[in-house]
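Everything below concerns the one structure shown next.
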Amino acid sequence: MNRISQLIFRRITGVITPDELAELERWESLSPENREFAQKVADHDELEKWFYRQRAISPDRVERNVNRHIAASNTVVYRRWAVAAVAAVILFMVGFVLWKRPEVSTPLPEIAQSTIVSIEDIQHGTQKAILSTPDGRKINLTDTAAPAVPVIKADVARLDRVPVSDRNFEQLCIETPRGGEFKVVLEDSTVVWLNADSKLYYPDNFTGNERRVSVSGEAYFEVAKDASRPFYVESQGQQIRVYGTRFNVRCYDDDPVTYTTLEEGSISLSPAQSGTAEVFLTPGKQARFTPNDAEFKIHDVNTETVSSWRNGFFVFENQTLLNIMRDLSRWYNFEFELASPELADELFMGVFPRDCEFATAIKILEISGGFTASVENGKVVITAK
């Protein structure tokens, strides 16, 4: 899917290599439809039509529109110049069309992060995590051959627990590394999606009259309803009481604010170590909590944008370059440095899939203006133009 879209984009932007060009031409030669399609998305007038059409819709409507219009798009990034946006629409168009034609998909090679010497070496993350047990074992959850450990079935990790006599009901921990994500089903059928560089602490079995877990990083919860046992989530100094619902919580160590966004149902929040009254959220609201002053600020947000990572997309709405690079570095697993401090607060908007090549994503942002990216000593360096 995305391999062909990336090759078309690289040819149009003039950065395609001879080998990549040959690969693209081989794909075009497979059928007249392929060649016609490649020519269509390279037509400047056609791209302008797509650009202005995309400006009229919000990112959260894109996926719904695809169901009605097969010829959609796969990347939209724009800030100041229409030409940059027109180029970006290529990936949005190509990707969703090819998504309906999976036979053209070409897997990308895995490249160890220790070998990063150029932008092209940086690859997107995959589904992986580590399970830590109370007795000190660390189990790779992507290794389904390991005995008596969580296994992946249909992209869902459910704990296949050991015999009752051997069970340990103490706290377990699932950790996603940088460059990883994971989906787990807890004992009560609650589903938790973990973003990159995140941890979930939970018991193998919920006992007593409550269900309690804690999280760091970013996680999306779909909590199973159980009126007799309320569900609690502790995260960076706050406690969330859940009444059967869907919500996203983001609490990375490099951000002093914890963001809790309610998509459906009802939750309440309170400082974990305080008797302060609960703050209730309604769907479409986001609570921003600062542990230092134990204060909650409530904002209206687009919940589909906040949780877009769970559906395989990066969606940035007026995000600073610093925050964007933090998110990208966690998913693509690289270190970065802003050579010019003033770049940190530059604002960008953008949408692109999480399985997009990093070279393509950063090229789109570069075209939008303001900086260039390079690799120096294994680190991505962002330099002002």
Side-chain angles (χ1 to χ4, degrees), residues 127 129-134 139 141 144 148-164 167-176 180-195 198-236 238-251 258-270 272 278-287 301 303-304 306-312:
Q127 186 177 100
I130 298 295
L131 172 69
S132 299
T133 64
I139 304 165
L141 298 190
T144 58
V149 301
V151 296
I152 301 173
K153 297 178 180 178
D155 296 327
V156 176
R158 179 181 290 278
L159 290 182
D160 288 340
R161 294 191 300 277
V162 297
V164 174
R167 290 183 191 173
N168 188 323
F169 294 104
E170 295 181 42
Q171 193 175 65
L172 301 171
C173 174
I174 287 182
E175 176 180 2
T176 53
E181 65 181 1
F182 208 69
K183 179 181 178 181
V184 61
V185 179
L186 302 182
E187 173 266 334
D188 66 336
S189 296
T190 289
V191 185
V192 186
W193 287 259
L194 288 175
N195 205 345
S198 302
K199 293 181 181 180
L200 174 70
Y201 296 91
Y202 64 100
D204 178 62
N205 188 63
F206 292 111
T207 59
N209 57 5
E210 68 177 26
R211 297 167 291 167
R212 187 176 293 271
V213 302
S214 63
V215 66
S216 63
E218 185 167 24
Y220 182 94
F221 287 83
E222 184 177 313
V223 177
K225 293 183 179 181
D226 185 343
S228 65
R229 297 189 301 168
F231 196 99
Y232 294 93
V233 179
E234 295 181 1
S235 58
Q236 205 175 58
Q238 76 170 15
Q239 176 176 272
I240 306 170
R241 177 165 176 160
V242 186
Y243 299 88
T245 185
R246 301 169 185 261
F247 67 97
N248 192 86
V249 59
R250 179 185 175 96
C251 51
T258 295
Y259 302 87
T260 306
T261 307
L262 181 61
E263 185 172 301
E264 177 185 299
S266 177
I267 61 176
S268 67
L269 304 99
S270 61
E278 294 177 301
V279 173
F280 285 84
L281 284 190
T282 55
K285 302 290 186 180
Q286 180 182 82
V301 297
T303 59
E304 292 185 28
V306 172
S307 60
S308 60
W309 65 271
R310 181 178 67 88
N311 296 314

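Shown here for Ile139 and Thr133, the closest heavy-atom pair between the two residues is CD1-CG2, 4.4 Å. The minimum heavy-atom distance between Gly180 and Thr176, with the atom names listed, is O-CB, 4.0 Å. When all heavy atoms of Arg246 and Leu262 are compared, the closest pair comes out as O-CD1, 3.5 Å. Between Asn209 and Pro230, the shortest heavy-atom contact is O-CD, 3.3 Å. Here the closest non-hydrogen pair linking Leu281 and Thr260 is CD1-O, 3.6 Å. In terms of heavy atoms, Trp309 sits closest to Glu218 at NE1-OE2, 3.2 Å.
Between Tyr220 and Trp193, the ring planes are perpendicular. Angles over 60° get that label, and only those under 30° would be called parallel.
For Thr190 (side chain) and Ala224 (main-chain N/O), a donor-acceptor pair under 3.5 Å exists by modelled atom type. A donor-acceptor distance shorter than 3.5 angstrom exists from the side chain of Glu187 to the backbone of Phe206, with no hydrogens or angles considered.
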Asp188 and Asp226: CA distance, side-chain angles, deciding distance, side-chain contact (heavy atoms from CB on, under 4.5 Å) verdict: CA-CA 9 Å; Asp188 66 336; Asp226 185 343; over 6 Å; no

Please lay out, stage by stage, how Val215 and Val213 fare under the test side-chain contact (heavy atoms from CB on, under 4.5 Å). CA-CA 7 Å; Val215 66; Val213 302; 6.0 Å; no

Stepwise side-chain contact (heavy atoms from CB on, under 4.5 Å) test for Val242 and Phe221: CA-CA 10 Å; Val242 186; Phe221 287 83; over 6 Å; no

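Side-chain contact between Tyr243 and Ser268: present, with at least one pair of heavy atoms (C-beta onward) separated by less than 4.5 Å. A 4.5 Å side-chain heavy-atom check between Ser235 and Ile240 finds at least one atom pair inside the cut-off. Contact annotation: the side chain of Leu186 approaches that of Leu200 to within less than 4.5 Å [non-hydrogen atoms, C-beta and beyond]. Val301 places none of its side-chain heavy atoms less than 4.5 Å from the side chain of Tyr259.
With values rounded to the nearest 0.5 angstrom, Lys183 atom NZ is found 8.0 Å from Arg310 atom CZ. Once rounded to the nearest 0.5 Å, the distance linking OG of Ser308 with CG of Asn248 reads 9.0 Å. Between the CZ atom of Phe280 and the CD1 atom of Ile267 there is a distance of 10.5 Å, given to the nearest 0.5 Å. Taking CD of Gln171 as the start and OG of Ser132 as the end, the distance is 10.5 Å to the nearest 0.5 Å. The distance from the SG atom of Cys173 to the CG atom of Leu131 is 8.0 Å, given to the nearest 0.5 Å. Separating the OG1 atom in Thr207 from the CG atom in Asn205 is a distance of 6.5 Å, to the nearest 0.5 Å.
Within the cation-pi definition used here (under 6.0 Å to the ring centroid, within 45° of the axis), Arg211 does not qualify as a partner of Phe231.
Contacts of Glu263 classified as salt bridge (charged side-chain N to carboxylate O under 4.0 Å, His left out), with partners at least two apart in sequence or in another chain: none.
Each of Arg241, Gln239, Glu210 was checked for a side-chain hydrogen bond (donor to acceptor under 3.5 Å, both in side chains) with Tyr232, and the lone residue meeting it is Arg241.
Side-chain polar atoms of Gln238 and Thr258 form no donor-acceptor pair below 3.5 angstrom.
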